[in-house]
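Numbering starts at 1 and runs along the sequence shown.
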Amino acid sequence: MRELYKTYGPFLIIGLLLYLSFIMFRPYFISIIAALVIAYLFYPVYNWLNNNLKHKSISSLLTCFVVFLSIIIPSLLMINTLIKELPSVYTWFSNYIQTNNLSALYENMLINLGITINLNRFFEGIISSLLSNLQSTLASLPSKIINISLVFFFMFFFFKDGKNMINKITQYLPFGKKNSIILMNEIKKTMDAVVYGQIATAMIQAALATIAYSILGLKAPFFLGFLTMISSLIPMVGPAFIYIPISIILAITSIGSGSGTGLLKAVILLAFGMGVISVIDNVLKPILISGKVNVHPALIVIGIIGGITTFGIIGLVLGPMIL
C-alpha cells in the first residue's frame, strides 16, 4: 500500500492541484483567451515599439494603451450608435413595406410555400432582440471591469514575455520539439487566415460600405455597415448580400415616386459595391495573406460560427484555431 502511495500519490496531488487551479481560473478563461488573441493581433505594434525603445515593460504598456484607444473606445461608440439607429431602421422598414404594399405581397408568397409569418412582427422581433443585446452589453460593462482589467493585465505580460512563453509551451508539449514547432506554425497560419483573410477584409469592406451609405444619405449607415461586415465574414455570401437589396429598394422607391435622385443613388451604390467593395476579396485578401496560408474556407466558416456560439465575439479567432 505504501509503495502504491509513493508511486501514484504525486499524480493524485498534481491532479487535485490542477483541478483546483481550473476552478479558480474558469471564470476568467475567456479573459485570458481574449488577452492572448489581442496580444497576437497587436504584437507587430509591440515589436516595433520595443525595437525603438529597447524596453519591454514600457513598450508593452504603450501597446496596451494603443489597444484601449483602437478597440475599447471605438467599440463602445459603435454600440451606442447602433442603439440609436435601430429604432429608425425599424420605422423606415415598416413605412417602406406599407407604403409600397409589399408586406401583403411577401406574406402571400410565403403562404404559398406553406409559411405563415407577419413580416412587421418578425422584423420588430429582430430589432428588439438586437437592441436589448446591445443595451445589456453596455449596461453590463461596469460589472465586467474586473474581466476587462484582467484582459489588459494578461495582455501586458503576453506582450512582454510572449516569446519566452511560446518557447516554454513548445518544450512541455507531449509531441516532441519538432512536432510541437509544426503545431505552433499551423496554429499561427490558421490565425493569420482568419484575422487577415477574413476579419481584416470584412472590416475594410464594412468601412467602405458605411462611408458609401453615409455619403448617399441612407438612414442608419452604421447599422447597414455592421450587417455588411457580418455578411462579409461568410464566404459564398459576401457584402453583396446587403448592398444589392439596398440598391434595389432605392431603385423601386425612386421609380414609384418619380424621382431620379434615388435611381442615381441606386446605380452609384451598385457600381461602387461591385467595383470596389466586392473586388477587395480578390485583391486585398491575397495581399494580406501573402500566399502563405492554406486553410480551407469551410474550416474557417464552421469554426467562426461554432466559435461565436460557444465563446462569443472572441470565438471569431478561437473557433477556427481549435477546430
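Between the Ser60 side chain and the Phe156 main chain, a donor and an acceptor come within less than 3.5 Å of each other. At least one donor-acceptor pair closer than 3.5 Å links the side chain of Asn51 to the backbone N or O of Asn47. Of the possible polar contacts, one joining the Lys265 side chain to the Leu216 backbone as a donor-acceptor pair under 3.5 Å is found. A distance-only check finds no donor-acceptor pair linking the side chain of Asn50 to the backbone of Tyr46 [under 3.5 Å].
Here the side chains of Leu208 and Ile280 are in contact, with some heavy-atom distance below 4.5 Å. Inter-residue side-chain proximity for Leu62 and Leu53 is flagged as met; some heavy-atom pair is nearer than 4.5 Å. Residues Leu36 and Phe154 have side chains not in contact (no heavy-atom distance under 4.5 Å, counting atoms from C-beta outward). Residues Leu269 and Ile246 have side chains in contact (heavy-atom distance under 4.5 Å, counting atoms from C-beta outward).
Residue Phe42 is grouped with residue Met203 when hydrophobic side chains (ILVMFWY) are merged at heavy-atom distances under 4.5 angstrom, including chains of intermediate members. Leu150 and Leu61 fall within the same hydrophobic cluster, where Ile, Leu, Val, Met, Phe, Trp and Tyr residues are linked whenever their side-chain heavy atoms come under 4.5 Å apart, directly or through other members. Leu69 and Phe159 fall within a single hydrophobic cluster, where Ile, Leu, Val, Met, Phe, Trp and Tyr are joined by side-chain heavy atoms under 4.5 Å apart, directly or via other members. Residues Ile322 and Ile166 are members of separate hydrophobic clusters, defined by side-chain heavy-atom contacts under 4.5 angstrom among Ile, Leu, Val, Met, Phe, Trp and Tyr. Cluster membership for Ile182 and Met184, using ILVMFWY side-chain heavy atoms within less than 4.5 angstrom, is not shared.
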#### Entry: Stepwise side chain to side chain contact (heavy atoms under 4.5 Å, CB included) check, Tyr243 with Met274
CA-CA 9 Å; Tyr243 68 74; Met274 298 180 69; 3.6 Å; yes
- Please assess Val67 against Leu41 for the test side chain to side chain contact (heavy atoms under 4.5 Å, CB included), listing each intermediate value before the final yes or no. CA-CA 10 Å; Val67 171; Leu41 296 179; over 6 Å; no
For side chain to side chain donor-acceptor pair (under 3.5 Å), just list the numbers for Thr63 and Tyr43, CA-CA rounded to whole Å, side-chain angles, deciding distance to a tenth of an Å, and then say yes or no. CA-CA 8 Å; Thr63 310; Tyr43 195 81; over 6 Å; no
Exercise. Does the side chain to side chain contact (heavy atoms under 4.5 Å, CB included) test come out yes or no for Leu270 and Ile244, once each step is laid out?
Worked result: CA-CA 6 Å; Leu270 188 62; Ile244 287 180; 3.9 Å; yes
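Side-chain contact, Thr228 with Tyr213: a donor N or O sits under 3.5 Å from an acceptor N or O.
Heavy atoms from other residues, nucleotides or ligands lying under 6.0 Å from CE of Met165 number more than 12.
Alongside Ile14, the hydrophobic cluster contains Leu18 (criterion: ILVMFWY side chains under 4.5 Å). Other residues sharing a hydrophobic cluster with Ile211 under the 4.5 Å side-chain heavy-atom criterion for ILVMFWY residues are Ile215.
The aromatic ring centres of Phe22 and Tyr19 sit 6.0 Å or more apart. Residues Phe153 and Phe157 bring their aromatic ring centres within 6.0 Å.
For Phe158, there are no ring pair (Phe, Tyr, Trp, His ring centres under 6.0 Å) partners two or more places apart in sequence or in a different chain.
Shown here for Thr210 and Gly225, the closest heavy-atom pair between the two residues is OG1-CA, 3.2 Å.
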